[in-house]
Amino acid sequence: MNKIFSTIRNEKYFFSILMLYFITGLVIFSDYGISWDEVNERHSGFVTLNEIYKILNLNILEGYPDLSNYMYREYGVLFNLPLAFIEDFTKIKDIKDVFLLRHLINFLIFFLGSAFFYFILRIYYSQTIAIIGFLFLILSPRFFAEAFYNNKDIIFLSFYSISFYYFLKYFIDRKNSFIFFFCLFASMAINVRVLGILIVLIFIFILFLEGLNSKKILKKNSLEIIKCLLLVSILSYLLWPFLWSNPLENLIYTFKSMSSYNWRGLVFFLGEYHQAKNIPWNYTITLFLVTTPLIIIIFFLIGIFFSSKNLILNYLNIDNKKYSNLWKNNFQFFNIIALLNIVIILSYVILFDSTLYGSWRHTYFLYPFIIILSIYGINILRKYVKYKFILIISFFSILSSLFWIINNHPYQFVYYNVVVKNKIKDNFELDYWGVSNKDSLEYLLDNFKKDKLFVYVYSNSPYYYSKNLIDKDKREKIIFVKKIEDAEFVLTNHYYLNQNPTKKDKYLYDNFVLINQIIVNNNAINSIFKK
């Protein structure tokens, strides 16, 4: 840890960028609306907090079910539980402050994870290349926005990245402290999403491969494997209250629940609605390709080709007495491990028809590995193209993303790249999480000075959640009505679950007067109509 702080102090360019990002986050974290999941996530934190209060014989909080009967009991609460305790301990009075605090902590965790990602790159690359990778991560528009409110996928990505840093450090310098921190952050990742077990399995697999070289190494690595399994088991148990009552049974229940998750909603993809359980095999790959800056994709394709080539050639030329040369050196090891993470997860998603929805966010934790291979692609191109030219292209792409982020703030979560620029609305979902809903409600409050504003929601998005981020003295002015005939205003974020958005919108444009729209990529992501 001391070396990390030393690196930050000595590398002034990175330190300056890191501090600028930190300050930016502190300034803008309150600009984002509330996502669909956040209310339920907060609720989960209090359900688990009550369980702990019950164990400690403290007064429990009213209005929450028992953990054993809670429908989302298998979900980890590493993010939600501490925040529930802080909320209860400090007696935060206004719900708006509660969610602003959650957004701030969400950002700070991603900030930490992204800093560790820089340290990962810095192990193998110069400061300049590592900064490019760092900027690729934090200035990818969707990640820039979701860093403030996505308290599942972004938190998982952050802990997974930190655990990967210690993963690499352990195989470079076999210190006990590295294996401990690896197991700690891997356990934290597992708590957020049980899929975090993947990095532990890869860690064990590599130790096993090394042991095939000699009995002495096998004996030593077997002890390391046992140490890793014990640490991960103990730390996961301590961090996950759901496991406390019956560790093995509840863990098996969690794996079964996650592997057969049956969300019955529909996903709008390539102009059609699909059951999330039966999503087309190319859903995740397609969404990645259209929501990621193009230059990252180009560099990634180069990187994944050469990394795959190295892995295949090393395997074909393997010596029966030397099993470890699937990688010839630490640098190949680094890129091949990134490749394995991507291949294993995408293969699992495609082969087992995983339930997916909400873009490719369930596989966001692969993005650092995608960027690692993109940086490898840059490294390969240096052999064929002038280094300065590659740097110019990279920084031009970064500046382009930065300009888009600034120009579309705070709606970066609906970013699509130039490949599908004019085909977005009729093929893909826009604000599926309803983050822009708050701003439409605030527009009504700012522009119509009435005691009551009667609003009908013409979409499947829960606008009433967004009232949590409205100022307390204005919150009750918004009255949601059940019939469109009773409304003065009609709001929609164009998120529907059964009809083509263009056809669904036609009713509003034909029967009401449009008074305001939030536009991103020439597409309306939130609209207000008046009778």
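Given the structure is predicted, the values throughout are model-derived calculations rather than measurements.
- In this structure, CG in Leu238 is found 10.0 Å from CG in Leu243, a value given to the nearest 0.5 Å.
- By the side chain to side chain contact (heavy atoms under 4.5 Å, CB included) test, Ile123 is found to be paired with Tyr165, Leu168, Lys169, Ile172, residues two or more places apart in sequence or in another chain being considered.
- Sorted by first then second residue, the salt bridge (Lys or Arg N to Asp or Glu O under 4.0 Å) pairs that include residues 190-199, not counting sequence neighbours, are Asp153-Arg193.
- In this view, Ile52 and Leu56, Leu81, Pro241, Trp244 satisfy the side chain to side chain contact (heavy atoms under 4.5 Å, CB included) rule, not counting sequence neighbours.
- Among residues at least two apart or in separate chains, salt bridge (Lys or Arg N to Asp or Glu O under 4.0 Å) pairs with a member in residues 81-90 are Arg42-Glu87, Asp88-Lys91.
- Evaluation of the side chain to side chain contact (heavy atoms under 4.5 Å, CB included) rule for Asn59 yields no partner, not counting sequence neighbours.
- Judged as a side-chain hydrogen bond (donor to acceptor under 3.5 Å, both in side chains), and not counting sequence neighbours, Tyr149 has no contacts.
- For the pair Arg142 and Tyr416, the cation-pi test (distance below 6.0 Å, angle within 45°) is passed.
- For residues 27-40, every residue pair satisfying the salt bridge (Lys or Arg N to Asp or Glu O under 4.0 Å) rule, not counting sequence neighbours, is listed here: Asp37-Arg361.
- Among pairs with a residue in residues 55-65, none fulfils salt bridge (Lys or Arg N to Asp or Glu O under 4.0 Å), at least two apart in sequence or across chains.
- With sequence neighbours left out, the ring pair (Phe, Tyr, Trp, His ring centres under 6.0 Å) criterion links Phe111 to Phe22.
- The side-chain hydrogen bond (donor to acceptor under 3.5 Å, both in side chains) check on Asn191 picks up nothing, with sequence neighbours excluded.
- For Phe334, the ring pair (Phe, Tyr, Trp, His ring centres under 6.0 Å) criterion is met by Tyr124, not counting sequence neighbours.
- For the side chain to side chain contact (heavy atoms under 4.5 Å, CB included) test, residues two or more places apart in sequence or in another chain that qualify with Ile202 are Phe167, Leu198, Ile206, Ile337, Asn341, Ile344.
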